[in-house]
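Working notes, structure below.
Keep in mind that this is a model prediction, so the values were computed, not measured.
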Amino acid sequence: EGALVAAVTLGSVRNPFGLAIELGEVTAGAKKGDDLRLPVAIRIPISALALLPRGAESAGRLLLKLAIQDGGGRVTFDAGTPIPITVGAGDLARAQAGVWVHRAELELAPGRHRIAVLVADQQGGDFSTVVRTVDVAAP
C-alpha cells in the first residue's frame, strides 16, 4: 500500500517487472455531465512472474491495484483486482516470451490526473509500480 501511495502522490516507482501503462482515446460518458472515459491497458511481462507447477499446468496469482490523483490532489483507490494466470502444459516458454494485458476503463473528470498501478506477485512475493500522467480535455 505504501508503494502505491508513493507512486500516485510522488511519482516514485519501483518497476522490476517492467510494467507499462498504455492509454487509449478519451471518450464522453453516456450522458451529458458524466465523467469522461479513458481506456487503459497494463502490460505485465510474464517472464517476471512466479509461475508454479500445478498438475500439467503452470499458474500464478497477481493482485493489481490502481490509484488516481486528480489535479486538486485528491487520491482515489480501487479495491484491487485478483488476476489468476494459468499456462497450459507445453506453453510455458511461449508464454514467458509474452505479456499479460489487463484492460480497464477509468472515469475521469477533465483535468490532469496521475495514474499509478501496483502489481503484486502473490506467489513470488515481489511487486512493481508504474505511473502515467494524463491531461483529460473537456469534450
Side-chain angles (χ1 to χ4, degrees):
E1 297 294 324
L4 185 59
V5 171
V8 76
T9 59
L10 304 173
S12 174
V13 298
R14 177 185 181 278
N15 194 4
F17 297 168
L19 301 178
I21 300 175
E22 295 176 356
L23 305 176
E25 295 294 320
V26 173
T27 60
K31 295 181 273 182
K32 186 175 181 173
D34 283 354
D35 283 340
L36 303 169
R37 299 182 183 282
L38 174 68
V40 298
I42 296 97
R43 299 177 65 80
I44 307 165
I46 302 282
S47 61
L49 307 176
L51 299 178
L52 303 178
R54 186 178 70 195
E57 302 173 329
S58 296
R61 286 188 343 230
L62 306 178
L63 179 63
L64 187 142
K65 297 191 106 191
L66 188 122
I68 300 170
Q69 182 180 46
D70 67 16
R74 289 178 299 276
V75 177
T76 56
F77 297 90
D78 75 349
T81 304
I83 302 173
I85 296 177
T86 303
V87 177
D91 290 334
L92 185 58
R94 183 178 56 82
Q96 288 181 323
V99 296
W100 182 273
V101 180
H102 178 79
R103 297 183 190 285
E105 189 173 78
L106 308 179
E107 294 183 6
L108 303 172
R112 176 166 273 210
H113 302 272
R114 182 180 287 157
I115 302 165
V117 174
L118 177 135
V119 173
D121 183 339
Q122 296 182 307
Q123 292 181 153
D126 203 359
F127 70 91
S128 273
T129 55
V130 65
V131 172
R132 286 285 303 266
T133 299
V134 61
D135 290 310
V136 177

Exercise. Can you name the salt bridge (Lys or Arg N to Asp or Glu O under 4.0 Å) partners of Glu105, sequence neighbours left out?
Worked result: Arg37
Under a 4.5 Å cut-off applied to non-hydrogen side-chain atoms, are [X] and [Y] in contact?
X: His102; Y: Thr81; value: yes
X: Thr86; Y: Arg54; value: yes
X: Leu23; Y: Ile115; value: yes
X: Thr129; Y: Val131; value: no
X: Arg112; Y: Val134; value: no

Distance (rounded to the nearest 0.5 Å) between [X] [atom1] and [Y] [atom2]:
X: Phe17; Y: Leu62; atom1: CZ; atom2: CG; value: 7.5 Å
X: Ile83; Y: Leu64; atom1: CD1; atom2: CG; value: 4.5 Å
X: Leu106; Y: His113; atom1: CG; atom2: NE2; value: 9.5 Å
X: Ile68; Y: Glu107; atom1: CD1; atom2: CD; value: 9.5 Å
X: Asp91; Y: Ser58; atom1: CG; atom2: OG; value: 9.5 Å

For this session: Looking only at non-hydrogen atoms, find the nearest pair between Leu51 and Gln123 and report the distance.
Result: CA-NE2, 4.4 Å
Exercise. What heavy-atom pair brings Leu38 and Gly24 nearest, and what distance separates the two atoms?
Worked result: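 Between these two residues, the closest heavy atoms are CD1-O, 3.4 Å.
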Problem set entry | Worked check of side chain to side chain contact (heavy atoms under 4.5 Å, CB included) between Val26 and Leu36 | CA-CA 7 Å; Val26 173; Leu36 303 169; 3.7 Å; yes
For this session: Please assess Val117 against Val40 for the test side chain to side chain contact (heavy atoms under 4.5 Å, CB included), listing each intermediate value before the final yes or no.
Result: CA-CA 11 Å; Val117 174; Val40 298; over 6 Å; no
Are [X] and [Y] connected in the hydrophobic side-chain network, where two residues link if heavy atoms are under 4.5 Å apart?
X: Leu108; Y: Ile42; value: yes
X: Leu63; Y: Ile46; value: no
X: Val119; Y: Ile85; value: yes

For residues 6-15, run the donor-acceptor check on the side chains, cut-off 3.5 Å, and write out each pair with its distance to 0.1 Å, sequence neighbours left out.
residue : atom : partner : partner atom : Å
Thr9    : OG1  : Val5    : O            : 2.6
Arg14   : NH1  : Asp126  : OD1          : 2.9
Arg14   : NH1  : Phe127  : O            : 2.5
Arg14   : NH2  : Asp126  : OD1          : 3.0
Asn15   : OD1  : Gly18   : N            : 3.0
Asn15   : OD1  : Leu19   : N            : 2.8
Asn15   : OD1  : Ser128  : OG           : 3.3
Asn15   : ND2  : Leu19   : O            : 3.0

Problem set entry | Side chain Asp70, main chain Arg74, donor-acceptor under 3.5 Å | yes
Exercise. Quick one: does Arg132's side chain have a donor or acceptor within less than 3.5 Å of a partner on Ile21's backbone?
Worked result: yes
For this session: Show the numbers, then the answer: is there a side chain to side chain contact (heavy atoms under 4.5 Å, CB included) between Trp100 and Leu49?
Result: CA-CA 10 Å; Trp100 182 273; Leu49 307 176; 5.6 Å; no
Problem set entry | Sequence neighbours excluded, every pair satisfying side chain to side chain donor-acceptor pair (under 3.5 Å) that has a member inside residues 60-69 |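 Only Glu1-Lys65 qualify under side chain to side chain donor-acceptor pair (under 3.5 Å).
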